[in-house]
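What follows is a set of notes on a single structure, which appears directly below.
Chain naming here is simple, since letters A, B, ... match the order of the sequence lines and numbering starts at 1 in each. In what follows, every heavy atom counts, from backbone to side chain, and hydrogens, waters and symmetry copies are set aside.
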Amino acid sequence: MIMPALFFADTDEEAMRIWLFKTEPDTFSLNDLRAAPDGTSGWDGVRNYQARNRLRDEVSNGDRVLIYHSSCKVPAIVGEAEVVSNAYPDPTQFTAGHAGEPRWYQVDVRYHRHFPEPLSLATIRDHAEFADMELVTRPRLSIQQITDRQYQQILALCGIDEPRSASGAA
DNA sequence: GCCAACGTTGGC
DNA sequence: GCCAACGTTGGC
């Protein structure tokens, strides 16, 4: 049997990925995550198939997550967290006495930091280099991918002077 | 609160 | 499997 190279690339290397998770701060904010026990909470309530597929198949323990506040006064990237579990069934999908094959998944995330300067959606739209960010091109997707380059640019705009190395390779 | 864009559902 | 109707998202 021949395994496609991509199979190994995805499963062997486990390169750290960078994501952007959207949340409505009125419901669950970065402050709420910080205040959670251990600064850790399950990221539940994702009810979109593409977002679900990413959570289940691509998001993995150790990945980095930018937290974006939506549906609020100043929609913005406000800080950062990290993924501290692999995907598991979202328990909020099961109503009492109605368990079954899980359809929705979640991961656990742990608070890392607020950024000194939140990066507003308006500012992101003003920067041509962010034109291909999913926040711009697919604004409704709740689990978004961030490239390494975008990540470095975002950190700089958010007032982070000495970003952690974004990948294992220096 | 409005409304455009988008995702999902369900009849055929 | 098409597509109209409907529901949701989320910026403004």
Side-chain angles (χ1 to χ4, degrees), chain A residues 10 17-36 39-60 63-83 85-160:
Chain A
D10 277 344
R17 292 181 168 99
I18 303 155
W19 305 96
L20 180 149
F21 287 8
K22 292 192 303 178
T23 185
E24 300 185 13
D26 288 349
T27 303
F28 190 82
S29 67
L30 186 56
N31 279 331
D32 292 330
L33 180 61
R34 178 169 58 187
T40 302
S41 175
W43 200 264
D44 61 21
V46 173
R47 295 294 184 271
N48 166 280
Y49 285 103
Q50 182 152 17
R52 185 280 308 269
N53 292 347
R54 286 184 173 180
L55 273 183
R56 190 190 54 191
D57 305 334
E58 299 179 48
V59 176
S60 65
D63 285 355
R64 211 160 283 178
V65 180
L66 298 172
I67 302 298
Y68 174 82
H69 282 173
S70 69
S71 290
C72 56
K73 195 164 188 179
V74 183
I77 297 171
V78 295
E80 198 174 16
E82 61 190 14
V83 178
S85 79
N86 287 314
Y88 58 95
D90 178 347
T92 66
Q93 74 193 283
F94 301 117
T95 55
H98 195 270
E101 195 64 18
R103 175 176 307 180
W104 306 114
Y105 288 79
Q106 69 182 55
V107 296
D108 292 339
V109 297
R110 182 168 58 209
Y111 175 85
H112 180 228
R113 59 182 168 187
H114 282 75
F115 290 141
E117 297 289 339
L119 179 57
S120 72
L121 178 62
T123 300
I124 290 169
R125 289 186 185 283
D126 281 345
H127 282 254
E129 66 263 34
F130 292 137
D132 60 350
M133 271 185 73
E134 288 187 323
L135 205 54
V136 175
T137 61
R138 315 195 45 204
R140 293 181 57 173
L141 188 59
S142 59
I143 305 293
Q144 306 190 349
Q145 293 182 300
I146 299 290
T147 67
D148 207 74
R149 175 173 175 77
Q150 288 165 351
Y151 180 64
Q152 300 303 335
Q153 291 172 325
I154 289 165
L155 288 186
L157 287 168
C158 287
I160 300 294

How close or far is atom [atom2] of [N] from atom [atom1] of [X], stated in whole angstroms?
X        : N     : atom1 : atom2 : value
A:Leu135 : B:dC6 : CG    : P     : 14 Å
A:Gln50  : C:dT9 : CD    : P     : 16 Å
A:Arg140 : B:dG7 : CZ    : C1'   : 6 Å
A:Leu141 : B:dC6 : CG    : P     : 12 Å
A:Arg138 : B:dA5 : CZ    : P     : 16 Å
A:Gln144 : C:dT9 : CD    : C1'   : 13 Å
A:Glu134 : B:dG7 : CD    : P     : 12 Å
A:Arg52  : B:dT8 : CZ    : C1'   : 14 Å

Just say parallel, tilted or perpendicular for the rings of A:Trp43 and A:Phe28, cut-offs at 30° and 60°.
perpendicular
Do you know which of A:Asp148, A:Asp63, A:Val65 makes side-chain contact (heavy atoms from CB on, under 4.5 Å) with A:Ile18?
A:Asp148
Report yes or no: do A:Thr123 and A:Asp126 form a side-chain donor-acceptor pair below 3.5 Å?
no
How close do A:Thr92 and A:Gly45 get, heavy atom to heavy atom, and via which atoms?
OG1-N, 4.2 Å
Is there a side-chain polar atom (N or O) of A:Tyr49 under 4.0 Å from OP1 or OP2 of B:dC6?
no
